[in-house]
Amino acid sequence: MITPKLLDQVRAAIRVRHYSRRTEDSYVHWIRRFILFHGKRHPSEMGEREITAFLSDLAVTKNVAAATQNQALSAILFLYQKVLCLKLEWLEDVVRAKRPRRLPTVLTRDEVHKLLSALDGIPQLIARLMYGTGMRLMEALRLRVKDLDFLKQQLVIREGKGNKDRVTVLPASLIEQLKSHLEKVRALHQSDLAQDKGSVALPFSLARKYPHADREWGWQYVFPSGNLSTARGDTVLRRHHLDEKNLQRHIHQAVSRCHFGKPVSSHTLRHCFATHLLEDGYDIRTIQELLGHKDLSTTMIYTHVLNRGGRGVRSPLDHGYSGPGPHSGG
C-alpha cells in the first residue's frame, strides 16, 4: 500500500520550498499515479525503466498533452531528487516532451469591449483589471489591498508564476471604481472584525512573525469571498478570495453571448493586453517585464499575432498593381 508517510514527506518538501498550493496538489497527484501504475511499489525500488514506462503510457494510452506529461515528469524528478535524495545521473537525461508552439487567441479592441460589456459587477471589474494590467486570473484574485498604489498608478503582483514579484501598470480609468469597491470591502472587513473574525490567510511564516497582521486592512484580499470558510489544513474561519471557477463561469457565459467564433477564456485578456501594447508601439522588453516572462522568446510570440496579418508584411500585390480582371484569360 501507499504509505501516507511518503506523500506527507512530499508535501513537507514542497512547502518548505514555498511552492504554490496548486503545485503541491499536482505533484502529489502525479506521484500517487506513478506509484499506483506500478502496483504500489515504493519509488526507491524503481528507476529509469519504470519512469519511462509511466510517461510513455501517459502519451500513448492516455494521449495527454506534452505540458501534462512534463508536469508528471517534474513531479517524479522532485520525488527522487528532493524527497528521496537519490542522486541518479540518468534522471538529468530524461527527455521532456516537446510542447507544440501555438499562437494565442487575441481579440480586437472592439471585441474586448464587447466582452467586458457582457459582464457586470465584480466579474466585470476583475476582467477589466486583467485586461488593463496583463495579470493572470489567480494573480488578480490573490491581489491584496496593500499591493495597490493609486498615487503611482501601479500595482505589485506578489508570488506570480515562478514565485516572482513584479510591478505592472494600474489603469487610471479603474482607480475610482476600485476605490469605491474597496470602501465596500472595508465595510465587510469591519463587520467581520466586530464578530471577532476578519483574519485572512498570510503567506508562509508571516503569521508567526506578525501575529496580528492577518487582521490588518492592508493584508485583506481586494476581491474577497462572500462567505467565511476554512481552508485545507486550517481550522480558522477566514474570508478567502473569490473562487476562480466562479469568475471563469461568468466569463464563459459572456463569451457565449458574444458569439466570437473562436476559443476565448479569462487568459485571453492577458494575451490581448500584450498584443494591444505592441500595436501601440511599446517596447517588447517593457511588455516582457509587465507580463513577468523570464524568457523574451515567450513574449515575442505576440509579435506574430498583431492585427496585421502575414507577420505584418505587405503583399507585393497591394503595391498599386491592378492586373488582369477576374475574367481575363491566361
Side-chain angles (χ1 to χ4, degrees), residues 19-20 22-23 26 59 64-71 73-74 94-116 126-143 153-171 244 248 251 255 260-319:
Y19 289 7
S20 71
R22 286 191 170 191
T23 299
S26 173
V64 302
T68 303
Q69 188 186 30
N70 285 333
Q71 188 181 66
L73 174 57
S74 294
V94 176
V95 179
R96 293 181 178 271
K98 187 176 181 179
R99 298 179 63 176
R101 191 173 182 85
R102 308 289 188 192
L103 291 180
T105 298
V106 175
L107 301 175
T108 65
R109 296 171 194 260
D110 287 342
E111 287 174 330
V112 170
H113 178 73
K114 184 178 181 180
L115 174 58
L116 295 178
I126 297 175
R128 293 183 68 195
L129 191 63
M130 291 172 63
Y131 171 59
T133 63
M135 286 192 293
R136 301 174 178 89
L137 173 58
M138 291 308 300
E139 291 173 344
L141 295 182
R142 289 172 178 160
L143 197 63
Q153 292 188 16
Q154 67 180 29
L155 57 83
V156 180
I157 299 171
R158 310 280 183 184
E159 301 164 19
K161 190 173 183 179
N163 200 29
K164 297 179 295 184
D165 294 353
R166 73 179 189 277
V167 176
T168 188
V169 59
L170 177 60
E244 69 271 22
Q248 288 170 335
I251 291 180
V255 169
F260 289 132
K262 48 189 170 184
V264 176
S265 68
S266 59
H267 202 70
T268 303
L269 294 171
R270 176 173 162 89
H271 297 321
C272 296
F273 167 82
T275 306
H276 295 168
L277 284 183
L278 278 174
E279 288 178 346
D280 290 339
Y282 285 97
D283 178 75
I284 188 72
R285 290 197 176 275
T286 298
I287 299 172
Q288 177 191 5
E289 292 181 6
L290 294 175
L291 292 174
H293 286 161
K294 180 179 179 180
D295 195 329
L296 182 62
S297 63
T298 306
T299 317
M300 288 295 292
I301 194 170
Y302 296 110
T303 63
H304 301 299
V305 292
L306 286 174
N307 190 27
R308 296 171 186 165
R311 296 176 181 266
V313 174
R314 187 181 183 190
S315 169
L317 188 65
D318 296 332
H319 284 271

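What you see is a predicted model; the values in this text were computed from it and never measured.
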**Study point:** Residues which pass side-chain hydrogen bond (donor to acceptor under 3.5 Å, both in side chains) with S266, listed by chain and number, not counting sequence neighbours
**Key:** none

Exercise for review: Using the test side-chain contact (heavy atoms from CB on, under 4.5 Å), find all partners of H113 that sit at least two apart in sequence or belong to another chain.
Suggested key: S117

**Study point:** Sequence-distant partners of M300, side-chain contact (heavy atoms from CB on, under 4.5 Å), two or more places apart
**Key:** I284, L296, T303

Check your understanding: Closest heavy-atom contact between G134 and R166?
Key -> O-NH2, 3.8 Å

Review point. Closest heavy-atom contact between V106 and E111?
Key: O-OE1, 4.5 Å

Point to revise | side-chain contact (heavy atoms from CB on, under 4.5 Å), paired with L269, selected from M135, R136, M130 | key: M130

Review point. Rounded to the nearest 0.5 Å, how far does CD1 of I251 lie from CD1 of I126?
Key: 8.5 Å

Exercise for review: Test L107 against K262 for side chain to side chain contact (heavy atoms under 4.5 Å, CB included), laying out the working first.
Suggested key: CA-CA 9 Å; L107 301 175; K262 48 189 170 184; 3.6 Å; yes

**Study point:** Backbone N/O of L129 and side chain of T133: donor-acceptor pair under 3.5 Å
**Key:** yes

Exercise for review: Would you mind listing every ring pair (Phe, Tyr, Trp, His ring centres under 6.0 Å) that reaches into residues 276-300, with sequence neighbours excluded?
Suggested key: Y131-H276

Exercise for review: Please lay out, stage by stage, how L277 and L290 fare under the test side chain to side chain contact (heavy atoms under 4.5 Å, CB included).
Suggested key: CA-CA 11 Å; L277 284 183; L290 294 175; 4.0 Å; yes

Exercise for review: Please confirm whether the backbone N or O of L291 pairs with a side-chain atom of R270, one donor and one acceptor, at under 3.5 Å?
Suggested key: yes

Review point. Does R109 have any salt bridge (charged side-chain N to carboxylate O under 4.0 Å, His left out) partners at least two apart in sequence or in another chain, and if so, which?
Key: E279, D280

Check your understanding: In Å and rounded to the nearest 0.5 Å, what is the NZ to NZ distance from K164 to K294?
Key -> 7.0 Å

Review point. Distance-only, no hydrogens or angles: does the T268 side chain make a donor-acceptor pair with backbone N or O of S265 under 3.5 Å?
Key: yes

Check your understanding: Is there a side chain to side chain contact (heavy atoms under 4.5 Å, CB included) between F260 and T105 once you walk through the steps?
Key -> CA-CA 11 Å; F260 289 132; T105 298; over 6 Å; no

Exercise for review: Compare every heavy atom of P171 with every heavy atom of G132, then report the nearest pair and how far apart it is.
Suggested key: O-CG, 3.5 Å

Study note, to complete from the structure: Rounding to 0.5 Å, atoms OH (Y302) and CD1 (I287) come to a distance of 10.0 Å

Check your understanding: Looking at residues at least two apart in the chain, or sitting in another chain, which of them share a side-chain contact (heavy atoms from CB on, under 4.5 Å) with D295?
Key -> S297, T298

Practice item. Please report the shortest heavy-atom distance between L155 and L170, naming the atom on each side. Key: CD2-CD1, 3.9 Å

Exercise for review: Evaluate the side-chain proximity of E244 to M138: yes if any heavy-atom separation is below 4.5 Å, no if none is.
Suggested key: yes

Check your understanding: For the atom pair CG (L137) and NE2 (H267), what is the distance rounded to the nearest 0.5 Å?
Key -> 10.0 Å

